[in-house]
Amino acid sequence: MKKLLALALSLSLCAGLLTACGSQSSSSSGGASNVSTSSSGQTELEENGVTPVGTYPIVTEPLTLSIMGRKDPGAPDWGELEIFKRLTDITGISFDFEMSETESFDEQKNIALVGGQYPGMIWRDAASAVTDEETYGPQGIFLDLTDLIDKYAPNLKAFLEKRPDVKAAITALDGKVYGLPYVFETATTEGHLSFFDSRWMENVGIAKVPETTDELYEMLKAFKEKDANGNGDPDDEIPFSCVGLDNFDIRRMMITAFTGLPDGLGFNISDDGEVVYAPATQEYKSFLEYARKLYAEGLLDAEFSTQTPQQHQAKVKGGIVGIYCVSPTLLDPSTTSQQLSLPPLTSATNSKKVLKGPDGVNPGRAFITDKCENPIAAIRLIDMFYATDDNAVEGFCGQTPFLGWENETWKYTDSTKTVYEWIAPITGFADINKTVSVTMHLPGYLSFLAMPSGNPLMEMKVTQVEKMQKPYYTDAYPISARFNKEESDRGNMIENDLKNYVLMMSTKFITGEESIDNFDSYLSTIEKTGLPELLTIKTNAYARWKSAFDN
């Protein structure tokens, strides 16, 4: 059987090579077909049993690659999923998976790496991915992928050339690339979740969606004083509700209206390129005064700082919240009234509409180790996950892990390709995760901007985000800027202490437990907590990130 398979692979390779001498091979991606291989590169491929770039199968003899992977709780082992079965058929590569669920993955991974009993690849690393890169890359346990990408990963190479921000995010402090990212952009993501029912505006006689903090105040006041929800009780409305300060509504929408900085509770880059901490600005005091006014007048939920997400959602579903802090898709599916998004607001202290966009870059989702059975074959395999739909190989590209195969598990509803629907027996992402794939955080590039059919609330959300949010997306301090070893412990400690203090004091200012007259004392404590030192660390990390971005 093994000889027959080898013969089949050899015949397939010969056919691919003959076709490649003419026009593009039918089994090669559009982007890969133009890649040439030098004589030395060809020798390297032959020695490793790998076919030329753009030709499939990838290997000339059966090959098994070992992969440690993180699977979601209750999810099947990856070997049971259709995606990996078909990848074996396409590439000639089989897989030996070592699976751990999310809660035990880091522990099992660390034990394997420290004990030297790790596999050829590690996929779907999570919170510790960047730390792992900086620890095991320089040691040689994780391979430097720079040359492998340049020679054998045309899809990823082209993507990184178009996205210098991603290149900067995956570049280690020593200038090398040890881990590969998961990058996504979908129609259903958003910058903030400040939505509300249009009927509330109509019921109180407001004709225009607020664009300034003053206009928002007037609308919230009307929600409070009138029967905004139309149930006959003018006193049961909560004009604005959220869960704490560290959420999309307050952090990315309300604070930003005063500071003009996209991350209201974090670090930003000013117009002149300086690193700025939003909660240490005078404009932040203006936000606190505004939020205090809302709270004192009953326009901000009295339980905003203590309620759980579940309690907040119960209020929203109960129809008593004006501006809420959840996706409209969580409302009763029978809801037909238009759900509106607030745009970024301006104020007396800020004339710019800015909004921090979704964080779609996730470094370190695939590592190739020094124990990899065939690094060239491994990078060729991973490169398939960065293919666009135009460069798909037998229907496989970056969106395949998310949706499955077009016209098998899903299809566009018409030629505009703006709406898609599932094909029975698949009814949603839960089904995809059970039998087809792992929908999120495998290495790769997902760009899919169609919205699902048969979901009016999702359509409302997508339409509103496109109109009211996306035009104002602005970058904050890059979350992928890295601290070096000396900076890490100190920087992380100061940042954590600052965050805790700012959240505590801001809540006290808003609720009236602490007078805003003490704002200068608050600023002094921030300084003593280590802000100047952290700004220096952040500035140095940003300079390194910027250098990787520019180069």
Side-chain angles (χ1 to χ4, degrees), residues 127-135 137-138 165 168-175 244-246 250-252 255-256 258-288 349-350 354 356 359 361 363-364 474-509 514 516-551:
S128 61
V130 170
T131 301
D132 290 340
E133 286 180 7
E134 298 294 351
T135 301
D165 60 317
I170 67 174
T171 300
L173 293 172
D174 61 7
L245 295 178
D246 194 13
I250 299 293
R251 181 168 189 159
R252 294 190 177 186
I255 301 174
T256 295
F258 293 91
T259 64
L261 300 169
D263 189 343
L265 287 172
F267 291 85
N268 299 269
I269 306 299
S270 67
D271 292 339
D272 58 2
E274 298 295 320
V275 179
V276 180
Y277 186 53
T281 63
Q282 286 298 318
E283 291 78 12
Y284 189 79
K285 180 181 180 181
S286 298
F287 152 71
L288 292 172
T349 61
N350 166 56
V354 296
K356 187 175 186 291
D359 299 320
V361 180
T474 307
D475 292 331
Y477 185 92
I479 60 173
S480 55
R482 305 184 183 204
F483 293 168
N484 62 33
K485 186 176 181 180
E486 291 72 27
E487 297 164 341
S488 183
D489 290 344
R490 181 66 179 156
N492 289 331
M493 182 184 72
I494 296 173
E495 190 161 9
N496 185 63
D497 289 346
L498 278 177
K499 179 179 179 180
N500 291 336
Y501 178 72
V502 166
L503 289 175
M504 177 188 71
M505 289 302 297
S506 297
T507 301
K508 288 183 176 182
F509 285 139
E514 185 82 22
I516 296 180
D517 292 340
N518 296 327
F519 186 75
D520 287 344
S521 174
Y522 153 86
L523 290 180
S524 177
T525 302
I526 284 179
E527 293 285 310
K528 293 175 183 177
T529 303
L531 178 59
E533 182 181 355
L534 183 57
L535 283 172
T536 299
I537 291 173
K538 288 276 188 179
T539 298
N540 291 337
Y542 177 67
R544 292 190 293 266
W545 181 92
K546 189 72 165 54
S547 176
F549 181 97
D550 293 337
N551 295 323

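Computed from a predicted structure; not experimentally measured.
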Restricting to non-hydrogen atoms, name the atom on [X] and the atom on [Y] that form the minimum distance, rounded to 0.1 Å.
| X | Y | result |
| --- | --- | --- |
| Thr256 | Gly264 | OG1-N, 4.2 Å |
| Tyr477 | Ile269 | CD1-CD1, 3.7 Å |
| Thr131 | Thr135 | O-OG1, 2.8 Å |
| Ala548 | Ala168 | CB-CA, 3.8 Å |
| Gly364 | Ala129 | O-CB, 3.6 Å |
| Glu527 | Pro532 | OE1-CG, 3.3 Å |

Ile250 vs Ile255, test: side chain to side chain contact (heavy atoms under 4.5 Å, CB included). Steps then yes/no.
CA-CA 6 Å; Ile250 299 293; Ile255 301 174; 3.9 Å; yes
Within the 4.5 Å heavy-atom criterion, are Val354 and Leu261 side-chain neighbours or not?
no
Is any side-chain heavy atom of Asn268 closer than 4.5 Å to one of Pro262?
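Side-chain contact under 4.5 Å: yes.
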Just to verify, what does Thr349 make a side chain to side chain donor-acceptor pair (under 3.5 Å) with, not counting sequence neighbours?
Ser347
Go through the structure and list residues passing side chain to side chain donor-acceptor pair (under 3.5 Å) with Thr536, not counting sequence neighbours.
none
For [X], check side-chain contact (heavy atoms from CB on, under 4.5 Å) against everything at least two apart and list the hits.
| X | answer |
| --- | --- |
| Asp497 | Met493, Thr529 |
| Ala172 | Glu134, Asp174, Tyr178, Arg482 |
| Thr507 | Leu245, Phe304, Ser305, Thr511 |
| Ser524 | Lys528 |

Enclosure of Asp475 CG (heavy-atom neighbours >12, cutoff 6.0 Å)
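For Asp475, atom CG is not crowded (no more than 12 foreign heavy atoms under 6.0 Å).
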Is there any salt bridge (charged side-chain N to carboxylate O under 4.0 Å, His left out) pair reaching into residues 261-270, and which pairs are they, with sequence neighbours excluded?
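Sorted pair list: Arg251-Asp263.
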Taking salt bridge (charged side-chain N to carboxylate O under 4.0 Å, His left out) as the cut-off, I'd like each qualifying pair that reaches into residues 529-548, sequence neighbours left out, listed once.
Glu487-Arg544, Arg490-Glu533, Glu495-Lys538, Lys546-Asp550
OG1-CE distance between Thr525 and Met505, expressed to the nearest 0.5 angstrom
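CE of Met505 is found 7.0 Å from OG1 of Thr525.
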When rounded to the nearest 0.5 Å, the distance separating CD1 of Ile170 from CD of Glu133 is 8.0 Å
Holding to salt bridge (Lys or Arg N to Asp or Glu O under 4.0 Å), I want the full list of residues that pass it with Asp271, two or more places apart in sequence or in another chain.
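Asp271 satisfies salt bridge (Lys or Arg N to Asp or Glu O under 4.0 Å) with Lys352 once adjacent residues are dropped.
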For Asp359, salt bridge (Lys or Arg N to Asp or Glu O under 4.0 Å) partners two or more places apart:
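Residues passing salt bridge (Lys or Arg N to Asp or Glu O under 4.0 Å) with Asp359: Arg252, Lys356.
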Can you tell me which residue pairs pass the ring pair (Phe, Tyr, Trp, His ring centres under 6.0 Å) test with a partner in residues 486-507, sequence neighbours excluded?
Tyr501-Tyr522
Would Leu265 and Lys499 count as a side chain to side chain contact (heavy atoms under 4.5 Å, CB included) here? Give the steps.
CA-CA 8 Å; Leu265 287 172; Lys499 179 179 179 180; over 6 Å; no
Would a distance-only check, ignoring hydrogens and angles, find a side-chain to backbone donor-acceptor pair under 3.5 Å from Asn492 to Ser488?
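Judged by distance alone, yes, a pair lies under 3.5 Å.
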Apply side chain to side chain contact (heavy atoms under 4.5 Å, CB included) to the pair Phe267 and Leu535, showing each step before the final yes or no.
CA-CA 9 Å; Phe267 291 85; Leu535 283 172; 3.7 Å; yes
Just list the side-chain donor-acceptor pairs under 3.5 Å for residues 273-284, sequence neighbours left out, or say none.
{"residue": "Thr281", "atom": "OG1", "partner": "Ala278", "partner atom": "O", "Å": "2.8"}
{"residue": "Thr281", "atom": "OG1", "partner": "Tyr284", "partner atom": "N", "Å": "3.3"}
{"residue": "Tyr284", "atom": "OH", "partner": "Ser506", "partner atom": "OG", "Å": "2.6"}

Before you tell me yes or no, could you show the steps for Phe483 and Ile537 under side chain to side chain contact (heavy atoms under 4.5 Å, CB included), namely the whole-Å CA-CA distance, both residues' side-chain angles and the distance that decides it to 0.1 Å?
CA-CA 7 Å; Phe483 293 168; Ile537 291 173; 3.6 Å; yes
